[in-house]
Structure formats: C-alpha cells, structure tokens
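Notes for the one structure printed next.
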Amino acid sequence: MARLAVAATVSGLVLAGAGTALAAGTPQTQGGATATINGLKTYGDAVIHADGGDQHVAAGLFEMSVDGGGTLQTYCVDLHNPTQRDTRYQETPWSGTSLGTNKDAGKIRWILQNSYPQVNDLAALARRAGTGALTEQDAAAGTQVAIWRYSDGAKVDAVDPRAEKLADYLEKSARNTGEPQASLTLDPPAVSGRPGDLLGPVTVHTNAGVVTVTPPTDAVGSGLRIIDKTGKVITSAKDGSRLYVDIPEDAPNGTAQLTVQASTTVPVGRAFASESRSQTQILAGSSESTVSATATATWAAKGAVPAVSARKNCAKSGVDITVANKEGDEPFTFELMDVDHTIPAGASRTVTVPLQEDQAYDFTITGPNGFRHRFTGVLDCKTQGSAISTQTTQILSEPSPVTDGGTLDSTDLAATGGSAITPLIAGAAIGLVVIGGAVLVLLRKRDTGATD
C-alpha cells in the first residue's frame, strides 16, 4: 500500500543556485548503446512456483533494435516486472540496476558466456549439459530459467525436460566473473574551466577500434575546438585517448557538449535499463552496433564554475549528484532537499539523494551565468516486491501467463513475467476497498455520535 502511494507520486526536487532557467531533462546515461525492445523472438515455456500457485510464463531471448544501426539479443533479469513494448533502453552499469547489489551477478555473466546464443553449437552444448538434443527454443528457455534463479532468486523450472536439464547444469556450473566494461564512455562526463583554458582531459573508454569525435554544433562559429594535449584538433580517437575542450579567451560564458560515436559489438553481460519501469535486460549477443557518449563542458570568466553529473546508485538506493568546482575562484552553493550544500573553490563533492524504489525524480541544478542542468528518471533497483507501480498497472492488457496446466493463448510475449504482479495488484485493490469501507463505517459512526 505504501509502495502504491510512492509510485503514484513524481518527485520534483530542485537543486538551486544562482539562476532560474531550466534545462531539458537529462536521463542518467553513462554512454554506450541505446536501443528499442521488439519483444521475445526465441523462447520456450517455464513455470514459476510461488505462494499463490504455479504460473506459466514464456522464457527466452528478446531482440532490440539499436539507434543508428545494429541488433541486440538480451535475457530478462527482472522477472516480476512486465516488459513494455517499444520501450527505449540504455546501456547501464550494473551499479544502476538490481545487478549492482546482487552477489550472484557475476554468475549470470558466466551463464551468458557459456550458453546460447554465445554457444551456438547446440550439439556441443547438449553434450556438455547432458540434455539430449536441444532446439534453439530449448536452449533459450533453459538459459533464461538459470538466469532468473540468480537474478530474482526465483523458484522457476523450464517446462521442457531438456531445457530444464540445461538450466540445472548452468546453475550448478556458474562461477562469478567480473562486470564487463562499457562499450563506450567518457570520463569524467562533465568538465569546467575558464575561457582561454583547456577544459579536461576527458578520457575515452571503449572496446571499439576507433571513435568519431564530434564537437558542439556551434563550435565552428565560436572558435571552440576539441584537441589533444599537443594542441592537434581531434576528429577521431581510441580507447585511452584524452580529449581537451579548447575555449577561446574572448568566448562568452557558456556550456557545450562534445559527442563521440563508434560502431562495435557491445560486451556480453552489459545491463540495459529503461526509464519507464520496463523490466531490466542483460546482453546475450550483439551485432556490430552504433554506440555513443557525451560530455558537458562549462566555462565562465570568473566566479564559481560548476561541472555537474549524476548516476544511479542502487547500493545506496538513490542518485549520486556530483558537483565539481575545481576551476572556480568562489564557492558554489546549491540547495538539495531543503539542505544547502557549498562546494569550495577547487573542490568536488558527491551528494546521494535517497529515493524509494520505483520513484520518479526530477533534479535541476542552476548556477551563475545561466548555468543549469536537469536530471530525470526512475529508480529501478529491485526485482522482487516492487512490481506494483503506475507503469505496470497501465499495461495489464498485455498477455498474461495462465494458471498451472494451461497453455499460452498468445505468441505476443512482450510482457514476460508480467503476470506475476496480477495477484499483487488484485490484493492491493481489495485492500483499498477494505480500507475505504472501514473509513466509511468510521465516518458514519462519528456522524451518528454527533447527531445524538
């Protein structure tokens, strides 16, 4: 009941310094691939064993279309939340998802590396797992079931005996492996300084052989340049390249973004999260795909010069707001949740904004010389007990699993796992009715007493 109330409320917290203008909302992205989910493509059946009874769900590989070109294959790591068709997803560090607090996240990556589709020799996979002949559907279902056992702690079995044997083999064989690096990021994501100075460096981290560097759209007219430490203008870079933003001495105070883009395969095990509470995915395979990252540069002739960035921190159940004033000659002060924070000249500080699970947020930092930066999103850090939200109740028309012993009526399986929320929503609805009835009874008694 408390979660229903929280999920229905959008947080509008404002971090205010000097200045009043607001920027467009900026989701917390650390770079990489952005893609739209198309739904399940290769799948079998599975059964979730829960206190409310057994439920059949589809289990298997999703497909995503990458912005700019490319295709991704993913498995779900968020069983109890439905998938919303055509939702946009962003490559995300584990720390920004439920994987960040899951001690078994590394075992999930091992499963991905040692099963379908990374292992596409199904005969060899079947011999290793002792399953008998495997179809692509069996392999996808067994792999998904094994992942759910670690991602959600679910009591779930594959319906097909061969898929179930594969799931058991993968679960027992899994070993912890580290989180894969992002396909493309820029570090730090924000820099600041004075006109006439070099802002940076901003370091490129990527698995691509080469990335294209695009300066801000108005760079030609303003004289702004993206250069290396020798002063050479940079139009392409590679992993480890250090980029600097060269600001002319006579440039008016301002803010700009530089963008880097590449074509590469996204590393297996990267997480993909949405800002619309659609179930979190983990990458199982990637074609050559377009990836990108941006960094913000801010400059001013005098006073505070803040560089601001934000990222979700599931370990602390909140969003980390990092404000650097390293190049400023005056303190930068902003307000956060009724508390003033001051960043001295030459210093940097990270403030964690605590949030409830499923809570939407909207933070804006404003500063001198028209500086403004706004961050929006939804905190999505848990896989269990968090299925009731305004987003999930809006898609109850999507197909649902049937009760034990039935069959799936539809091949439109974009809402895998979505039915797990149905009894919870029903229970919540009944609870609301009961509470409402109790309130009416109390009011009637009070009115009767007043009349007497």
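Note that these values count all heavy atoms, side chains included, but never hydrogens, waters or copies made by symmetry.
A distance-only check finds a donor-acceptor pair linking the side chain of Asp152 to the backbone of Leu79 [under 3.5 Å]. Put simply, the side chain of Asp340 never gets that close to the backbone of Thr333: no donor and acceptor are under 3.5 Å apart. With hydrogens and angles disregarded, a donor-acceptor distance shorter than 3.5 Å links the side chain of Asp329 to the backbone of Gly303. Although no hydrogens or angles enter the test, the distance criterion places no donor-acceptor pair under 3.5 Å between the side chain of Glu327 and the main chain of Gly193. Formation of a donor-acceptor pair under 3.5 Å by the Gln279 side chain with backbone atoms of His80 is not found in this model. Under a 3.5 Å cut-off, the side chain of Asn81 and the backbone N or O of Ser278 do not form any donor-acceptor pair. With Gln144 contributing its side chain and Cys76 its backbone, the two residues share a donor-acceptor pair below 3.5 Å. In terms of modelled atom types and a separation under 3.5 Å, the side chain of Glu91 and the main chain of Ser183 share a donor-acceptor contact. Under a 3.5 Å cut-off, the side chain of Thr280 and the backbone N or O of Asp78 do not form any donor-acceptor pair. Side-chain N or O atoms of Trp299 include none that pairs as donor or acceptor with a backbone N or O of Asp197 at under 3.5 Å.
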Between Gln181 and Thr206, is a side-chain contact (heavy atoms from CB on, under 4.5 Å) present by the stated rule, with each step listed?
CA-CA 8 Å; Gln181 292 186 344; Thr206 184; over 6 Å; no
Please report the C-alpha distance between Gln261 and Thr290 in whole Å, then the side-chain angles of each, then the deciding distance to 0.1 Å, and finally whether the side-chain contact (heavy atoms from CB on, under 4.5 Å) criterion is met.
CA-CA 7 Å; Gln261 189 176 82; Thr290 300; 3.8 Å; yes
Stepwise, does the side chain to side chain donor-acceptor pair (under 3.5 Å) test hold for Ser115 with Thr143?
CA-CA 7 Å; Ser115 190; Thr143 305; 2.7 Å; yes
Can you list the steps and then say if Asp104 with Arg149 is a salt bridge (Lys or Arg N to Asp or Glu O under 4.0 Å)?
CA-CA 10 Å; Asp104 292 321; Arg149 291 173 182 173; over 6 Å; no
After noting the C-alpha distance and the side-chain angles of Thr352 and Asp320, does the key distance pass the side chain to side chain donor-acceptor pair (under 3.5 Å) rule?
CA-CA 4 Å; Thr352 300; Asp320 288 341; 2.6 Å; yes
If you apply the rule side chain to side chain donor-acceptor pair (under 3.5 Å), what do you find for Gln281 with Thr74, and how did you get there?
CA-CA 6 Å; Gln281 305 282 311; Thr74 61; 2.8 Å; yes
Where do Val260 and Leu184 land on the side-chain contact (heavy atoms from CB on, under 4.5 Å) test, with the steps shown first?
CA-CA 8 Å; Val260 295; Leu184 178 60; 3.9 Å; yes
So Val353 and Phe363, side-chain contact (heavy atoms from CB on, under 4.5 Å) or not? Walk me through it.
CA-CA 10 Å; Val353 182; Phe363 309 121; 3.5 Å; yes
If you apply the rule side chain to side chain donor-acceptor pair (under 3.5 Å), what do you find for Ser173 with Asn114, and how did you get there?
CA-CA 10 Å; Ser173 302; Asn114 291 273; over 6 Å; no
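Rounding to the nearest 0.5 Å gives a distance of 8.5 Å between NZ of Lys103 and OH of Tyr150. In this structure, the separation between CD1 on Ile108 and OG on Ser151 is 5.0 Å, given to the nearest 0.5 Å. Expressed to the nearest 0.5 Å, how far CG of Leu243 lies from CG of Leu186 amounts to 7.0 Å. Taking CD1 of Ile343 as the start and CD of Glu330 as the end, the distance is 14.5 Å to the nearest 0.5 Å. Annotation: the span from Met64 atom CE to Thr36 atom OG1 amounts to 9.0 Å, rounded to 0.5 Å. In this structure, CD1 on Ile234 lies 8.5 Å from CD1 on Ile227, to the nearest 0.5 angstrom.
Within a 6.0 Å sphere centred on NZ of Lys41, heavy atoms belonging to other residues, nucleotides or ligands number more than 12. For Glu179, the CD atom counts as densely surrounded, since its 6.0 Å shell holds more than 12 non-hydrogen atoms of other residues, nucleotides or ligands.
Side-chain contact between Leu61 and Tyr116: present, with at least one pair of heavy atoms (C-beta onward) separated by less than 4.5 Å. Annotation: side chain of Val319 is in contact with side chain of Tyr361 (closest heavy-atom distance under 4.5 Å). Annotation: side chain of Phe332 is in contact with side chain of Val323 (closest heavy-atom distance under 4.5 Å). Looking at heavy atoms from C-beta onward, Val57 lies in side-chain contact with Trp148 at the 4.5 angstrom threshold. Annotation: side chain of Leu112 is in contact with side chain of Ile282 (closest heavy-atom distance under 4.5 Å). Cys381 has its side chain within reach of Glu357: a pair of non-hydrogen atoms, C-beta onward, lies under 4.5 Å apart. Looking at Leu198 and Val245, their side chains never come closer than 4.5 Å, going by heavy atoms from C-beta outward. Between Val211 and Val291, the closest side-chain pair of non-hydrogen atoms is not below 4.5 Å.
Here the closest non-hydrogen pair linking Ala46 and Val145 is CB-CG2, 3.8 Å. What you find for Tyr43 and Ala58 is that their closest heavy atoms are CD1-CB, 4.3 Å. Considering every non-hydrogen atom in both Pro344 and Asn325, the closest pair reads O-ND2, 3.6 Å. Residues Ser274 and Arg88 approach most closely at CB-O, 3.4 Å, considering heavy atoms. In this structure, Asp380 and Cys314 approach most closely via the heavy-atom pair O-SG, 4.3 Å. When all heavy atoms of Pro248 and Pro195 are compared, the closest pair comes out as O-CB, 3.4 Å.
Between Glu136 and Thr42, the side chains place no donor N or O within less than 3.5 Å of an acceptor N or O (distance only, hydrogens not considered).
With Asp246 as reference, Arg225 is the one residue of Arg194, Arg225, Lys232, Lys229 to meet the salt bridge (charged side-chain N to carboxylate O under 4.0 Å, His left out) rule.
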